[in-house]
Chemist: 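Below is a structure I'd like to ask you about.
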Amino acid sequence: MRIVFFLLLLLLNIKANQVDFKISYDPNYAPFSYKQDNVEAGLYIDIWKAWAKHNNYKIEFVDGQLWDDAIHLVKENKVDFFIGTSNYEDWMINSDNFYETKSDFFTLSKNEPITEINNNSVIGLVGKAHINFISTSFPKNSIKVYEDYKYVIEALEKKEIDLVYDDKVAFEYYTVQNNQFHLIKSLNKFVKKTKTEATTNSKRKAEIFNAGFLKIPINELLNIEKKWILNENEQYYQNFKYQINLTSEELEFLKNHKIKVSISNSWEPFTFKSKNNQATGISSEYWELVSKKLNLETENIFFETFNQQIESIKDKRTDLIYSTGETPQRKNFSIFSKEYATFPISIVTKKDENFIENIAFIKDKKIAIGNNFTAHNILKNNLTEIDFIPVNSIKEGLDLVSKNEVYAFVDIKPVLLYNISKYDFDDLKVSGNTGFNFSLKFMIRDDYPILESILNKAISSISYSELNQIITKWDNVQFQKTIDYEIFIKIFLVVLLILLAFVYRTYTLKNLNKILVNKVAEKTKQLKQMNKNLEKLVEKKSQELIQKENILNQQSKMAAMGEMIENIAHQWRQPLSVISTVATAAKLKKDLNILTDNEFYETMNTINNSSQHLSNTIDDFRNFFSNEKEIIAFNIDESINKVLNLVNSKLQNRNIKIIKSESNISILGLKNEFIQVILNIISNAIDAFENKKDDKKFIFIDSKKENNNLILIIKDSAGGIKDDIIDRIFEPYFTTKHKSQGTGIGLYMSLEIAKKHMKGDIFVSNNEYIYNNTKFKGAEFKIVIPTN
């Protein structure tokens, strides 16, 4: 019996470790496939990983060493797929295309501009993927095929070839990584789009890839692409559409079934019943696109509550809900399509609350959430330590926050924004995100698995741009607000008084000018009656009087204009202050009859102080983002303090202390760009503390003047930079952060600014040092800039 058990356990272990598919790749095809720290990486690698994840496959990547060798591993049945290329050999069986690249000709940057390809040009290729295209399109040119980018660039430099034809992004990426980008330039006149397909030697495997690729959400594909392709103009998945190819069984199913759709009466802005009893909202409009593409026959059935919708799926009275999320409980009685949209689950608080980076920051406060809403199910499964307060409607949750009965209300971001506007909660705002997302999917009755396949194909046929148009439309929905006529009348009266004062002032000045003109004329007449021998003197004096009159007139006009502007500015501050006061919590306390005189005056002082603070903050940000490029003398302590003000919130939230020396050094240079360098380095130091649990977190800033140079040292106690990457941190696009946190361009730009714009340099090292009798280790950035 024990032997049988052991053998069974052994078989299960073998099955668990068994690889379903092997995929070969070219390790020198960055950013699509390459090796980083001896591990496969790249855009295509991530797409295949997503394919495996959504289909529960176990895959293994095989390093093919060179492009052609990696492809022929498929031909020799040593692997199941090559990672992706177009079909250019007879034995190749390709899947549907899952990506598209652009190919172009490259030449040496020092060469003269090329307007056409000469018949006697020698064209270099890496691998044989483009050989058919070049042979057909440029038949009178000769071709040389190379194994790798290294050799084709060497041939171009040695003038063994005139041009290189290859994938534009990959070739440029390789030259940037190898400091050769300055050597080459693209012609940008012969750009060709090339479809990327999974390459195999089996039709069945191609069909397996096609079916599996349909299960990857387009939003996930777009996020993968954004990680590797920073230029939005080069991104493919923004407008990606998959062609719908239904099987005969799927067509037969649609022919014989009328789809009964369960719809919520009131889940704005995703789906709800309009005044003319039609389904409307984000999900409803998306479902209309799906219905038209599949030519579905449907019947809408409205429900008052979401629980009623769930029950209708359970007992098969309806076939699907097109606006819900997947949870483990719901999978017991239903099937879910792949995701067609995703939204953050966000947090609403009063307007005077600070930004909330994560729900963990407020887990000890009272948080309301919709009872059994999708957001509730997601959060309670992941945040068991938080005791949420359930409410029956979104309006109820927002009302509790407005009345200070709970600190926050949590739901999906578009739902929150829509209902805050709809119910006129002017005292509320979305203060941050929980860190969890809500994925919209189609929920299908569990005896209709074929409908899941049909809907996945339809979802893949709708581009992200089409979806985004629908979402943007509903983000911009506006609701008519009640006009406060009392405030309007006050503003109107103030403006009217200003205009009347201006008219009166103008009238008075006009009369004074008229009297002055009359007196000048009278004096002139008297002078004319004097001795004729004094005629020249009289004429001169008359001219002086006329000039004085013009000057006096101009001064009067300027004084009137200045006084008018001053009055307008003075008078407008009062109604604006009244409006601001009405919008504050004083109104709520007044409505509840709990507003005392002391509280009233304290509130006024707080508003005034806050307004001054906000004004100063806005000025700081405006000055920082100024495009001013003028070389000026500036104090470095002042610039460093501005940076610290900008990141003060992050420093406080992470309990990071700044230890700074004052040097009172001034330098001549670009002030705003110097601030940008300091901000980049300090922001990286803050990020380095992200996963550090030690409460002793320090950033030290020291500056001194040495040999007509500013020496600025910024170091932290975060443990330092890994030795295997410290020499690469100034490379463009190199980053150790998640794709949503950085692109790897900050330190690269800091070095560019220091060297090219300020004639200086930046050095980095890991150092140990002692502070307050405690030994610390961290990264040290040394900035050297000439003071003049």
Side-chain angles (χ1 to χ4, degrees), residues 219 223 226 268-270 325 341-370 373-391 394-423 425-440 471-472 474-475 583-585 610 613-614 617-618 621 645-656 679 683 686-687 689-691 737-742:
N219 193 55
N223 286 334
K226 286 179 178 178
E268 299 94 337
F270 288 107
T342 184
F343 300 93
I345 300 176
S346 298
I347 305 166
V348 164
T349 66
K350 298 294 285 289
K351 271 191 174 177
D352 54 356
E353 295 294 338
N354 294 326
F355 173 74
I356 301 170
E357 292 187 29
N358 190 287
I359 197 169
F361 285 87
I362 60 168
K363 63 182 179 181
D364 56 337
K365 299 183 182 292
K366 290 183 178 180
I367 305 172
I369 197 166
F373 289 11
T374 300
H376 188 193
N377 289 324
I378 293 172
L379 294 182
K380 74 182 180 182
N381 288 334
N382 291 280
L383 300 170
T384 54
E385 72 276 13
I386 298 180
D387 188 15
F388 291 104
I389 299 172
V391 296
I394 294 149
K395 186 177 184 299
E396 180 185 350
L398 295 174
D399 200 45
L400 290 176
V401 180
S402 183
K403 292 177 179 178
N404 291 321
E405 294 181 22
V406 298
Y407 178 79
F409 175 66
V410 174
D411 208 316
I412 305 162
K413 188 173 183 179
V415 173
L416 295 174
L417 294 173
Y418 186 94
N419 284 279
I420 287 173
S421 181
K422 177 181 179 180
Y423 295 113
F425 283 104
D426 290 335
D427 59 335
L428 302 184
K429 69 174 183 179
V430 174
S431 299
N433 296 323
T434 63
F436 294 90
N437 291 323
F438 167 70
S439 296
L440 273 175
I471 294 172
T472 302
W474 284 96
D475 280 347
T584 60
S610 297
H613 175 69
L614 288 173
T617 303
I618 291 168
F621 274 90
N645 286 336
L646 294 175
V647 298
N648 185 53
S649 176
K650 280 190 174 182
L651 293 170
Q652 290 182 352
N653 288 342
R654 292 162 176 79
N655 197 27
I656 301 172
L679 181 62
S683 294
I686 292 172
D687 290 340
F689 286 110
E690 189 65 31
N691 298 317
K737 302 175 186 176
H738 188 269
K739 62 180 178 292
S740 64
Q741 295 176 308

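All residue numbers refer to positions in the sequence shown, counting from 1. As the structure is a computational prediction, the values presented were derived from the model and not from experiment.
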Chemist: Hey, are K395 and D399 close enough for a salt bridge, meaning a charged N less than 4.0 Å from a carboxylate O?
Modeler: no
Chemist: Taking all heavy atoms of P269 and all of P414, pick out the closest pair and write down the distance.
Modeler: CD-O, 3.6 Å
Chemist: With sequence neighbours excluded, what pairs up with F409 under the ring-ring contact (aromatic ring centres under 6.0 Å, His included) test?
Modeler: none
Chemist: Just to verify, what does S346 make a side-chain hydrogen bond (donor to acceptor under 3.5 Å, both in side chains) with, not counting sequence neighbours?
Modeler: N433
Chemist: Just to verify, what does K365 make a side-chain contact (heavy atoms from CB on, under 4.5 Å) with, not counting sequence neighbours?
Modeler: I362, Y407
Chemist: Search all heavy atoms of N437 against all heavy atoms of P344 and return the closest pair with its distance.
Modeler: OD1-CA, 3.3 Å
Chemist: Can you find a heavy atom in the side chain of K351 that is under 4.5 Å from one in the side chain of D427?
Modeler: no
Chemist: Run the side-chain hydrogen bond (donor to acceptor under 3.5 Å, both in side chains) test against K366 and tell me which residues pass, sequence neighbours left out.
Modeler: none
Chemist: As an exercise, state the distance from OG1 of T434 to CG of L383, rounded to the nearest 0.5 Å.
Modeler: 7.5 Å
Chemist: Test side chain to side chain contact (heavy atoms under 4.5 Å, CB included) on I386 and L379; report intermediate values, then the result.
Modeler: CA-CA 9 Å; I386 298 180; L379 294 182; over 6 Å; no
Chemist: Would you say L398 and L428 make side-chain contact, with heavy atoms under 4.5 Å?
Modeler: yes
Chemist: F343: which residues meet the ring-ring contact (aromatic ring centres under 6.0 Å, His included) condition with it, sequence neighbours left out?
Modeler: F270
Chemist: What pair of heavy atoms forms the shortest contact from F355 to G432, and how long is it?
Modeler: CE1-CA, 4.0 Å
Chemist: Using the side-chain contact (heavy atoms from CB on, under 4.5 Å) criterion, which residues pair with N354? Sequence neighbours excluded.
Modeler: none
Chemist: I need the N655 CG to F689 CZ distance, nearest 0.5 Å.
Modeler: 10.5 Å
Chemist: Quick one: CD1 on I412 to CG on L440, what's the gap to the nearest 0.5 Å?
Modeler: 6.5 Å
Chemist: Identify the residue among V430, I356, N358 that makes a side-chain contact (heavy atoms from CB on, under 4.5 Å) with I347.
Modeler: I356
Chemist: Shortest non-hydrogen contact from N404 to K350?
Modeler: OD1-NZ, 3.3 Å
Chemist: Could you pull out all residues at least two apart from N219 that satisfy side-chain hydrogen bond (donor to acceptor under 3.5 Å, both in side chains)?
Modeler: none
Chemist: Does atom CG of D387 have more than 12 heavy-atom neighbours from other groups under 6.0 Å away?
Modeler: no
Chemist: At what distance, to the nearest 0.5 angstrom, does OG1 of T349 lie from NZ of K429?
Modeler: 5.5 Å
Chemist: Could you tell me which residues satisfy salt bridge (Lys or Arg N to Asp or Glu O under 4.0 Å) with E268, sequence neighbours excluded, listed by chain and number?
Modeler: K422
Chemist: Excluding sequence neighbours, so at least two apart, what forms side-chain contact (heavy atoms from CB on, under 4.5 Å) with N382?
Modeler: I378, F436
